[in-house]
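In the text below, chain A, chain B and the rest are named by the order of the sequence lines, each starting its count at 1.
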Protein chains: 2
Amino acid sequence: MRLSTKGQYAVRAMVVLAMHGGAGPVSLRFIAEREDISEQYLEQIFIGLKKAQLVTGVRGASGGYTLAKPAQLMTSGDIVRAVEGPIKIVDCEHNGTCERVQSCVTRELWERVSAGMSQVLDATTLADLVLRAREKIN
Amino acid sequence: MRLSTKGQYAVRAMVVLAMHGGAGPVSLRFIAEREDISEQYLEQIFIGLKKAQLVTGVRGASGGYTLAKPAQLMTSGDIVRAVEGPIKIVDCEHNGTCERVQSCVTRELWERVSAGMSQVLDATTLADLVLRAREKIN
DNA sequence: AAAAAACCCGAGAGAATCGCTCGGGTTTAA
DNA sequence: TTAAACCCGAGCGATTCTCTCGGGTTTTTT
């Protein structure tokens, strides 16, 4: 029951991206040094972010990544889902048709837990995180 | 971001235990067959449950396990914590003293997510689960 | 035109964790 | 006395995680 580093790195990287918002694309090298994350690992993470249309890549020298839409319109849930897939704490195949009654009861429990997680993640926009970060600095 | 089978099995096993509550101790073999879980794996899980004083073992022939207290006084959070440790989605060592501001901001996020999970888990007692299971049967 | 910066991408390697199994106990009811 | 059941540590195969390697291609800068 633990979020992999991929999800954690993704959110941290997106905060960096959002904080350097207006000033052109931000290179992975910059983020990698700033956050002490492997640059090549970041590349993999950004493939997911790009696929989910949260960032747009700018190729060539002095390129990098920019947000694909305003930080207000992007939640931490979007980011986590982009790199980790759907937010669910257990994966049950046979939907609603369990032969064991007990496991069906627990399945409902896990779904409520997953919903609780999603609720927090979807309620927090990237803009919120940036705001908190700026408050910390001052 | 996924609960291991240990936590899932633990809750399912406890539901079985609670449903056969009054009628003496329930053997692991019974639970194992009923829930299609390895008996020896269950043993390991019950070590945790016992350590957390959620069950009491009855040794010898026709022994087994019983709930250590009423199902109303036991939450799914207690059970999960007993076998999986504290409910937290990331583990950050340096508490409140991050050198990187961004990661501290995300740390707060993960804590809120973990709190969301705990809220659901601690609000659901074992008695609730049993009630839902009985409703399903009828 | 050339070089360098940066994204793009698949494959795989080392380590950790998961999900058990094995092989031994000890205790107690029948 | 036998068998059922709990008790317990060690370990093993498979999977997943976290990252590296080695190649590209694209575009800016010089």
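Residues B:Ile89 and B:Ser114 share a closest heavy-atom pair of N-OG, 3.1 Å. When every heavy atom of B:Ala52 is checked against every heavy atom of B:Ala82, the shortest pair comes out as CB-CB, 3.6 Å.
Residue A:Arg29 has its side chain nearest to C:dA6 when only C:dC7, D:dC6, C:dA6 are considered.
Side-chain atoms of B:Ser76 come within 3.5 Å of backbone atoms of B:Leu121 as a donor-acceptor pair (strictly under, hydrogens ignored). Distance alone, capped at 3.5 Å, is enough to place a donor-acceptor pair between the A:Thr125 side chain and the A:Asp128 backbone. Put simply, the side chain of B:Gln8 gets close to the backbone of B:Leu3: a donor and an acceptor are under 3.5 Å apart. A donor-acceptor pair is defined here as one N or O able to donate and one able to accept, closer than 3.5 Å; such a pair exists between the side chain of A:Thr75 and the backbone of A:Asp78.
Between the OG atom of B:Ser27 and the NE2 atom of B:His20 there is a distance of 10.5 Å, given to the nearest 0.5 Å. How far CD1 of B:Ile45 is from CD1 of B:Ile37: 6.0 Å, rounded to the nearest 0.5 Å.
The only option from A:Leu49, A:Val83, A:Leu126 that meets the side chain to side chain contact (heavy atoms under 4.5 Å, CB included) definition with A:Leu54 turns out to be A:Leu49.
Under 4.0 angstrom from either OP1 or OP2 of C:dC18 there lies no side-chain N or O belonging to A:Arg2. Contact check, B:Ser27 against D:dC6: no side-chain N or O comes under 4.0 Å of OP1 or OP2.
A:Arg29 pairs by the salt bridge (Lys or Arg N to Asp or Glu O under 4.0 Å) definition with A:Glu39, not counting sequence neighbours. Under the salt bridge (Lys or Arg N to Asp or Glu O under 4.0 Å) criterion, A:Glu35 pairs with A:Arg12, B:Arg100, not counting sequence neighbours.
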Query raised in the report: Base, backbone or nothing for each nucleotide of nucleotides 19-30 of chain D, written B, S, -, heavy atoms under 4.0 angstrom, 5' to 3'?
Result: BBBB-BBBBB--

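In this structure, the CD1 atom of A:Ile45 is 15 Å from the C1' atom of C:dC9, given to the nearest Å. Protein atom CD of A:Glu33 is 14 Å distant from nucleotide atom C1' of C:dA5, rounded to whole Å. Atom NZ of B:Lys50 and atom P of D:dA5 are 17 Å apart (whole Å). When the C1' atom of D:dA5 is taken as reference, atom OH of B:Tyr65 falls 9 Å away, rounded to whole Å. For B:Leu42 and D:dC8, the CG to P distance is 16 Å, given to the nearest whole Å. What separates CG of A:Leu3 from P of D:dT16 is a distance of 17 Å, to the nearest Å. With rounding to whole Å, B:Glu84 atom CD is found 12 Å from C:dG19 atom C1'. When the P atom of C:dA4 is taken as reference, atom CG of A:Leu28 falls 21 Å away, rounded to whole Å.
Note that the two end axes of the helix from C:dA1-D:dT30 to C:dA30-D:dT1 enclose an angle of 0°, each drawn from 5 base pairs, rounded to 10 degrees.
Within 4.0 Å of A:Ile47, counting heavy atoms only, lies no atom of the nucleic acid at all. Within 4.0 Å (heavy atoms only), B:Val26 reaches sugar-phosphate atoms of the nucleic acid but no base atom. As judged by a 4.0 angstrom heavy-atom cut-off over every strand, B:Phe46 is placed among residues making no nucleic acid contact.
For A:Met1 and A:Gly63, each mapped to the nucleotide of DNA chain C holding its nearest heavy atom, the one lying further toward the 5' end belongs to A:Gly63.
Using a 4.0 Å cut-off on heavy atoms, none of the residues of residues 11-19 of chain A approach DNA chain C.
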Enumerate, atom names and distances included, each donor-acceptor pair closer than 3.5 Å involving a side-chain atom of residues 64-74 of chain A, sequence neighbours excluded.
| from | atom 1 | to | atom 2 | distance (Å) |
| --- | --- | --- | --- | --- |
| A:Thr66 | OG1 | A:Thr56 | OG1 | 2.9 |

